[in-house]
Amino acid sequence: MNAYMPYILCLILFCIGIYAVLSKRNIIKIILGVVIAEYAVNLFLILVAYKTGGRAAIFSATENIPPQSMVDPLPHALVLTSIVIGLATTAFMIALAIRLYGKYGTFDITRMRELRG
Amino acid sequence: MKSRILMFVFAFAVWCILTWVPDVQQLIAGGAVALIVSVVMGSMFVNRPHMLFNPIRVFYFLFWYVPVFIWELIRANFDVAYRVIHPGMPIKPGIVRLRTELKSDTGLTFLANSITLTPGTLTVDINRDDGVLYIHWINVVGTDPETTFREIGSRFEPMLKKIFEEDVVE
Amino acid sequence: MIDIIGMVFIGVGLSFDVLGCLGLVRLPDVYNRLQAATKCVTLGTCSILFGTFLVSGGFTETGFKALIAIVFLVLASPVAAHAVSRGAHRAGIKLWDRSVVDSYAEDKEGEA
Amino acid sequence: MMKLARWIAGTVVLLGLIALIIVLPFRSMFFQQNQEHIGFAGRVVYILILSSLMVLYRVLKGPTAADRIVAIDIFGILIVGLCAVLSIASGRSWYIDIGIAWGLQSFIGTLALSKYLEGRSFDD
Amino acid sequence: MIELYVLLGLMIAGAIIAIEVKNLLSAVVAVGIVGLGLSIIFLLLKAPDVALTQIVVEIAAVILLIRATLHRDIALKPCGSRPFGGFLAILFLGLAVLAGALTFSGGLNPFGSPLMTVSEFYPMNAVAGTGAVNVVSSVILDYRAYDTLGEATVLFTAVVGVLTVMRSKGKKKEEDLQGNNE
Amino acid sequence: MISESIVPLFVAIPLAGAFLTALLKRVKGIPDTLGVMSSVFTFALSVFFILRMQAGRVFVLNVGNWGGFHEVLGRIVGIQMVVDGFTIFMLIIVNFVAFLVAVYSVNYMTRYTEKWQFHTLFLLMLAGMNGVLITGDMFNLFVFVEIASIASYALVAFGTEKRELEASFKYAVMGGVASLLILLGVIFLYSATGTLNMGDMRAILADSGQPALIYLVFGLLLTGFGLKAAMVPFHAWLPDAHPSAPAPISAMLSGVLIKALGVYAIARVFFTVFGFPHQVSIILLVLAAVSMGVGALVALRQWDMKRLLAYSSISQVGYIMLGLGIGTELGVLGALFHLFNHSMFKSLLFLDSGAVEYSTGTRDMKEMGGLARKMPVTSGSTLAGAMSLAGIPPFAGFWSKLIIIIAAVQAHHMKLAAWAALMSIVTIAYVLKVTRYAFLGEVRAAFANIREVPAFMRISLVVLALVCILGGLLLVPQVREGFLDPAVRVLIGTGGM
Amino acid sequence: MSKEHEHGMSVIVKTVTRLTVGLIFLYGMYIVLHGHITPGGGFAGGVIIALSFINLDLAFGGKVSGKVFSKGGTSLVEALGAVMFLALALMGLQYGGFFDNFLHPDGEPGDLVSAGIIPLENIAISLKVGAGLFGIFLTLIVLQKFESEKKQ
Amino acid sequence: MTYLIDALKNPNGYLATTPLSLLCAVFAAMFFVFTVVYSFRHMTGTKGLWRYYIYLVATFVATLGILFSTTFLVLLVLWGFLGLMLYLLINFGSREGTPESARKSLAIIGGTDVLLLLGIVLIWSIRYGGTGLAGFLKLPFGGMAIDLDTTGSVIAYLCLASAAFAKAGAMPFHTWLPDTARDAPVPVAAYLPASLDKLLGIYFLAKVTLDVFVMTTAMNTILMALGSITIMAAVMMALVQHDMKRLLGYHAVSQVGYMVLGIGTGNPVGIAGALFHMFNNTIYKSSLFLAGGEVERRTGTSDLSRLGGLVKAMPLVFVAFLVASLSISGVPPFNGFASKWMLYQGVITGGGKLWVVWLVAAMLGSALTLASFMKLVHSVFLGQPSELSRKVIDNGEKTGFFTLLPLSVLSLLCIGLGVFAWKIPFGSYFSPEVSGEVFMPGIWQSGLATLILIAGLVTGYLIYRAGNLKNARVAAPFIGGETLADNPDMRVSGVDFYRTIRELGILRGIYRLAEKKLFDLYEVLQKIAAGFGLILSFMHNGILSRYFLWFIIGLAVLCIVLI
């Protein structure tokens with residue numbers, strides 16, 4: 001179980017984010033929830049990539065680093081992309097939140113229910 | 001323009017330091033980068049470029065201000081450490097005024113920074129028109145201008161005045 | 001030898017960091033915390049960086065970068081502290097109730 | 001007298017904690033065992049994390065937003081030190097690059113937060 | 001290992017603060033702490049590229065988030081939860097952890113020993129294949145450059161999207177249309 | 001060889017169009033021209049590919065030439081682009097609708113400010129969808145799903161009115177979380193197989209047996225893509241988002257986006273990578289049944305024309321999923337055919353609703369009436385689309401529903417077939433509501449002076465209406481062998497990747 | 001409040017920003033150009049560049065930063081970066097495929113000029129990201145003005 | 001695999017004729033011609049007339065296609081197409097309720113089309129399940145003999161029957177018919193609901209019952225019960241209508257009951273009678289509609305209370321209307337009687353234990369039909385002219401040739417088929433179609449009877465001439481001491497003839513429920529669906545958290561189910 005503990009903690013972080021989206025009424029909190037969930041997913045990727053005693057995947061001019069000792073570089077590349085996507089989503093949602101505040105005069109999601117039925 | 005040139009030099013120097021063990025590629029790239037930096041950001045680097053060309057001021061700065069500053073910094077840390085660890089927390093905080101005669105931006109800035117990093121004081125705000133700095137003092141000795149100047153300002157103001165302001169030749 | 005000195009610098013820096021953080025925890029209001037934290041942590045980190053400079057063998061790649069970091073920190077961290085304290089005061093955050101004097105608030109009221 | 005005793009006790013506990021961290025043979029899985037400064041650096045990491053826990057306490061407790069901003073500022077500066085230590089521990093100079101970047105960004109972030117705290121818009 | 005747990009705990013605590021604290025600015029700051037803690041974990045897990053990106057993105061996100069909270073007076077207003085939210089959350093959390101625990105024991109590799117099928121290729125051949133010393137860089141900009149094109153496009157989309165959303169007037173009024181026709 | 005090397009143009013052309021539109025936004029006429037030209041080119045490209053497509057042929061491109069190591073390592077190290085029968089089928093649909101929508105919006109979008117942003121986002125969305133379709137890599141799929149999604153979030157809010165922003169926010173939050181779930185699923189898959197290439201994944205999973213983890217992956221991916229496909233209970237964003245967008249975008253969203261991002265992705269992942277496990281089949285069937293019911297019943301109560309159509313999309317996606325969930329050759333054929341038809345008639349109906357809104361300024365069917373006299377083209381094309389949606393015989397929609405029901409009966413899902421038939425009746429009811437209240441009856445006094453919509457809009461409407469009427473011809477053997485059958489064969493595993 | 005506070009933050013912040021903003025900008029470019037040698041790359045560097053402009057904006061207010069980098073300029077540069085990246089990808093078509101690293105044989109690994117088109121791609125991305133993020137920032141700010149005007 | 005396109009290349013594979021279908025086609029052609037001819041005058045001034053004629057032609061072609069189709073697929077397609085055409089044609093009406101009626105009729109017909117589809121698919125799966133899509137495309141219409149012994153086959157039969165019922169307008173799918181009859185243009189009402197749809201519906205029902213399935217007693221009983229209910233209920237509704245066209249519409253429903261009843265008997269006489277009744281019904285119902293349409297065109301209304309005394313304005317139309325009325329009421333010399341008589345015989349022989357019930361229902365229905373037509377004829381043509389009628393009479397417009405041509409031909413057919421009932425239709429057409437020997441106890445000798453009747457009529461006329469009736473006093477009618485000319489309100493209209501039956505005990509309750517449309521399957525189903533829709537749309541309450549909760553619960557359930 002110990003070997004899976006980081007994953008489970010990471011999952012808990014993800015759940016906290018989801019919880020925020022689920023139960024908070026303030027739209028900023030909802031955005032924060034999405035952001036936290038995003039962090040959790042990114043973290044998960046990096047956790048998956050880690051190799052015990054591994055070294056960062058950069059070769060050095062001064063030191064000879066065996067390629068076998070490097071951690072998995074592919075998830076790192078994926079995380080970079082995923083971080084950017086997260087930033088893009090966040091920025092967009094913030095813009096929406098600002099406009100919504102201007103239109104509705106509140107951050108309360110339960111009062112933004114013109115579309116229903 | 002002078003500011004831009006200074007910026008170029010500064011940026012080039014920083015680039016060289018960052019990419020130590022310089023080789024030709026790095027230097028060429030550095031030149032280009034420094035050029036871009038100086039074009040884009042250089043106009044506001046320094047307000048009065050000539051000050052930096054005055055060797056005496058630079059000398060004063062490096063060999064008078066800096067050692068005093070470091071000494072005060074270390075002293076400040078021990079002071080704070082003492083207050084933090086002491087179970088009774090011997091503090092008597094408050095915000096006081098400090099009158100200053102410095103006028104230039106750089107001088108005021110260095111004064112404020114110095115005050116912040118020296119024992120028991122923290123610059124909260126600055127009013128340039130009246131020459132007043134508002135200082136948060138962790139252990140207020142007195143609120144009258146003389147006391148505050150003696151306790152806070154006297155260490156740095158004269159030398160900063162010398163470095164940044166006195167006998168301005170323009 | 002120089003490594004040992006560097007280590008010592010790093011150790012001292014670490015102690016100051018811890019003390020600064022302790023101050024952050026213990027002191028009563030935001031201005032006092034700023035005092036403690038800014039001073040101690042700045043010096044502590046600068047010390048660590050200087051230790052790094054020494055350990056990494058002086059003017060090498062790492063050493064130079066450490067120096068740049070020191071310069072930047074010394075310039076920036078008091079400014080940050082100043083900005084925060086000013087913002088806090090303007091945001092209406094009161095001083096500790098056992099504070100002695102608040103000339104700044106007086107002057108602001110006078111202006112207003 | 002009591003005061004002095006508490007003072008001494010507090011100091012001893014703190015120093016003891018630091019000493020314990022330095023002395024205890026924690027095995028850090030994040031550093032190569034063949035590195036020279038590794039043991040030392042690993043413990044440095046622990047101490048810095050101890051500091052960051054205190055910072056977190058302030059974030060958790062901080063009655064006002066300003067306290068939390070202070071905490072995040074301090075946190076940023078602490079990490080610069082951590083990066084420096086990692087840099088000498090692993091012998092890679094680019095760790096300190098990250099440290100510098102951290103310092104720069106943390107500064108800007110603090111400025112933004114405190115400007116917001118003043119109650120002014122960003123381009124004002 | 002222990003520092004990882006400590007940092008993860010720090011992140012979880014920060015996340016809970018961010019969600020439960022009343023003051024929005026504090027919430028944003030707490031999220032900042034979570035992000036910075038995440039960055040440290042990246043650093044310790046030997047992902048320097050990601051750590052660097054995470055820091056800068058974190059600061060950018062925090063700045064944008066502060067912008068979203070608009071005015072101080074609003075930030076200080078309390079904001080409640082929906083009823084039953086807590087109960088559901090705990091239920092869901094339990095379920096998720098259960099599911100995770102059940103699943104991890106059957107299929108996911110233990111922490112610290114990844115299954116490197118394709119990935120072994122990259123460190124071995126990156127320098128010869130692409131000329132980049134930084135393997136991650138070679139992956140994102142050569143082996144998987146197409147992903148990066150997508151990533152850049154996502155950001156571009158977000159920028160245009162923000163521009164779109166922030167237009168003060170989306171639809172033209174009738175009189176404007178008249179003006180256009182003439 | 002030339003065919004393979006021009007596969008990236010499916011993504012590159014719309015992207016270049018988008019970037020250039022942003023660059024040259026000041027030049028008058030450029031946004032329109034670039035928007036239409038890009039979609040024309042991609043459509044022409046897809047036609048080119050379908051002409052080159054022989055039975056079972058697959059075009060594979062290794063991006064950056066990183067496929068040469070396949071022999072050495074046994075795995076693909078780079079990203080692959082794969083164009084097989086299913087892909088080309090979807091490409092045709094997407095690009096055809098996009099082309100018509102681009103033409104339509106030349107006139108329609110004059111009502112909005114900052115037209116260049118519309119064209120940029122539209123092209124980005126198109127690029128995203130094309131990217132989703134042609135990629136052969138799991139993570140790349142996710143990235144392009146995100147491009148299309150974010151563009152669609154922005155487009156939903158294009159009018160920046162109160163409700164549009166609200167809808168966009170709901171959509172963005174739910175879509176964002178769904179994307180995270182997809183990403184999580186992709187990570188699990190990666191950690192289990194060590195590769196991201198779909199073909200390799202399938203080979204590894206088939207070789208090594210499926211670990212317990214795979215079921216969690218099923219759940220995550222089904223939820224994530226299910227939200228993009230708007231299956232009940234993940235549908236709630238759709239009835240808000242689709243009506244709020246400008247009409248051309250509603251047409252794109254309902255017509256192709258939910259299919260490219262949702263249905264295509266589900267089909268691709270679960271059929272191609274996982275080999276369509278039994279549990280997934282059952283889940284799809286259940287969700288499909290629920291979707292059909294909920295969408296149709298709620299649509300019956302709507303008075304907002306576009307909202308009604310949006311709910312109807314949920315219901316129709318249920319039909320598609322029903323066909324996929326059955327999983328037999330006939331079921332998949334029906335699903336794909338219905339997918340094609342739904343794209344056409346739903347785009348048409350949304351464009352029609354846009355035309356009505358353009359002329360009358362309202363979407364509330366209670367306020368309309370008698371528009372058939374004033375807008376003959378619009379009403380005629382609406383009738384064609386509506387009848388196709390209702391499944392009235394000579395129209396295309398009838399044939400696909402027929403095949404789906406046949407497939408359900410053949411697979412002994414009698415209850416599902418009956419349910420589908422029942423919901424089809426409800427479909428007729430709500431479709432007739434549109435024609436009855438909007439187009440028939442007496443003309444209101446307020447609309448005495450309205451005119452038919454401009455020429456570019458009419459072109460799109462007429463073309464789509466023709467497709468709706470003649471769509472049944474796709475079942476003719478000669479056409480079917482070139483278009484539908486390859487796609488079906490890819491999914492049921494007798495061809496393709 | 002005194003007159004000097006009308007734009008930007010206090011004089012201390014302004015002065016330090018003047019001194020350091022160039023450093024930040026330069027550092028961003030350093031990260032970009034060394035993306036293939038050290039950690040970082042186009043994205044991180046681009047964000048740092050954007051943050052340097054944001055810093056300017058924070059300290060001095062919109063007028064000064066607007067002189068340095070206007071909103072119209074941001075969207076132009078951003079689109080330029082995007083086009084550049086795509087052009088690099090499409091140029092590969094001539095040499096053998098989409099995203100073919102056609103400059104690869106030049107340069108020794110570890111040097112600044114190495115790794116073919118990777119540094120160029122980094123530059124393109126940094127242009128895009130820097131301009132894009134700053135554009136977002138500016139856009140979000142402009143509306144705040146608009147809102148406050150409306151309220152008065 | 002063979003495909004649809006083969007059908008176009010090789011019609012023999014998909015289309016074939018039988019004597020019955022040929023006869024139906026002849027009738028359809030006749031009605032087509034009449035409708036077109038009638039429309040020349042009636043539809044002038046309508047917008048988009050070219051579309052109107054195109055639809056008419058398309059309808060005709062589709063009808064032929066259905067009649068000749070040998071596969072279910074072709075039938076299904078054209079069947080649905082016909083529903084669409086009906087929808088489009090109804091929309092040429094200009095009444096206020098036209099859109100709603102059009103919607104209702106397409107909803108019911110389209111809905112039952114789907115049931116038809118389901119039924120066909122079920123048949124395919126029962127009989128040809130293993131043949132794949134190709135088997136479905138070539139699924140033959142007829143010649144299967146599927147036993148109604150499994151649930152699937154029963155459902156399949158019910159589905160097919162419901163399609164036939166809806167098309168023909170039998171209960172419980174009849175409700176579109178009265179509305180359509182009221183709101184559609186008259187030629188359309190005469191053409192589709194009254195003629196072609198009847199032809200097709202009953203043709204299809206007969207074919208399915210005889211050729212596709214093997215009936216059981218239970219199913220026969222169900223059919224007969226439905227037929228009886230249809231007869232009674234529809235005619236009761238017709239009695240109380242205030243609108244001429246709507247009244248005719250209910251009669252159209254009622255007559256379908258006879259056909260269903262006849263087919264339900266399951267013995268050859270009954271079925272033959274049903275088919276015969278189908279033809280007769282189309283004839284007189286078209287005639288009624290066309291005549292009624294002429295009335296409406298001239299007066300501009302079909303509200304019975306505003307009509308009256310029109311016999312002076314349009315005597316020839318009156319004659320045609322009267323002939324058709326008597327025919328529909330089953331008065332002896334006319335064709336309606338001939339077929340009804342056969343039906344009664346079929347019920348007696350094949351009605352099972354409950355034959356008395358069916359017989360009583362049928363005969364009572366016939367009587368009530370007569371009663372309601374008395375009302376109709378009285379209130380439209382006879383009685384004192386209303387104000388409106390007086391205007392029409394004063395106008396002095398002649399009934400046009402294009403109107404009279406169809407009416408006269410149809411009236412002649414009514415008489416002719418009644419007189420020569422046994423010779424023409426049976427000998428040539430029904431016998432080959434109806435399996436088994438047609439055995440008729442107590443056959444109606446129509447020719448002889450007609451002779452007797454004519455003799456009677458002639459006698460009556462002679463008596464009339466002989467009597468001194470010319471000397472009868474002619475005076476202005478009085479009501480309650482006032483002349484009618486001064487008090488138009490006091491005029492006795494036929495509208496309220498049967499008001500009293502509404503007040504009768506149980507019937508009163510039933511009528512009230514009927515007015516609330518509780519017997520209208522369409523309305524009831526719509527209400528149920530709307531109820532579900534209400535619940536569901538209430539659940540879409542616009543709050544993001546709720547929606548997200550669904551999302552998360554869905555995820556959790558999926559994960560739990562899968563793991």
**Request:** Return the option, out of A:I31, A:L80, A:V71, with the maximum number of heavy-atom pairs under 4.5 Å with chain E.
**Result:** A:L80

**Item:** E:D147 to A:T81 - nearest heavy-atom pair and separation
**Value:** O-CG2, 4.3 Å

**Asked** At a heavy-atom separation under 4.5 Å, does E:L38 approach chain A through its side chain, its backbone, both, or neither?
**Response** side chain

**Complete:** Value for CD (E:E58) from CD1 (E:I63), rounded to nearest 0.5 Å, stands at 10.5 Å

**Asked** Can any side-chain N or O of A:R99 pair as donor or acceptor with the backbone N or O of E:V165 at less than 3.5 Å?
**Response** yes

**Message:** Can you tell me how far apart NE2 (A:H76) and OG1 (E:T53) are? Round to the nearest 0.5 Å.
**Reply:** 11.5 Å

**Residue E:I19 versus chain A: region with a heavy atom under 4.5 Å** = both

**Message:** Taking every non-hydrogen pair under 4.5 Å, which of E:N134, E:T148, E:V34, E:D49 racks up the most with chain A?
**Reply:** E:N134

**Complete:** Ranked by heavy-atom pairs below 4.5 Å to chain E, first place among A:I28, A:L32, A:L78 goes to A:L32

**Request:** Taking E:S39 for its side chain and E:G35 for its backbone only, find out whether a donor-acceptor pair lies under 3.5 Å.
**Result:** no

**Prompt:** With chain E, which of A:I36, A:I27, A:I94 has the greatest number of heavy-atom pairs at distances under 4.5 Å?
**Reply:** A:I94

**Request:** Under 4.5 Å, counting heavy-atom pairs only, tell me which of A:L96, A:V79, A:L9 racks up the most with chain E.
**Result:** A:L9

**Message:** At a heavy-atom distance under 4.5 Å, which candidate from A:T90, A:V48, A:I46 has the highest pair count against chain E?
**Reply:** A:I46

**Asked** Of the listed residues (E:I140, E:V139, E:V50, E:T164), which shares the most heavy-atom pairs with chain A below a 4.5 Å separation?
**Response** E:V50

**Item:** Evaluation steps, side chain to side chain contact (heavy atoms under 4.5 Å, CB included), between E:I33 and E:L10
**Value:** CA-CA 9 Å; E:I33 285 282; E:L10 186 148; 4.0 Å; yes

**Prompt:** Based on non-hydrogen pairs under 4.5 Å, which of A:G86, A:A20, A:A40 is most in contact with chain E?
**Reply:** A:A20

**Message:** Heavy-atom cut-off 4.5 Å, strictly under: side chain, backbone, both or neither for A:L43 against chain E?
**Reply:** both

**Message:** Between A:S82 and A:N42 (side chain of the first, backbone of the second, donor and acceptor by atom type, cut-off under 3.5 Å), is there such a pair?
**Reply:** no

**Request:** Could you tell me which portion of A:A91 (side chain, backbone, both or neither) has an atom closer than 4.5 angstrom to a non-hydrogen atom of chain E?
**Result:** both

**Message:** Salt bridge check, A:K29 against E:E20: does any charged N sit closer than 4.0 Å to a carboxylate O?
**Reply:** no

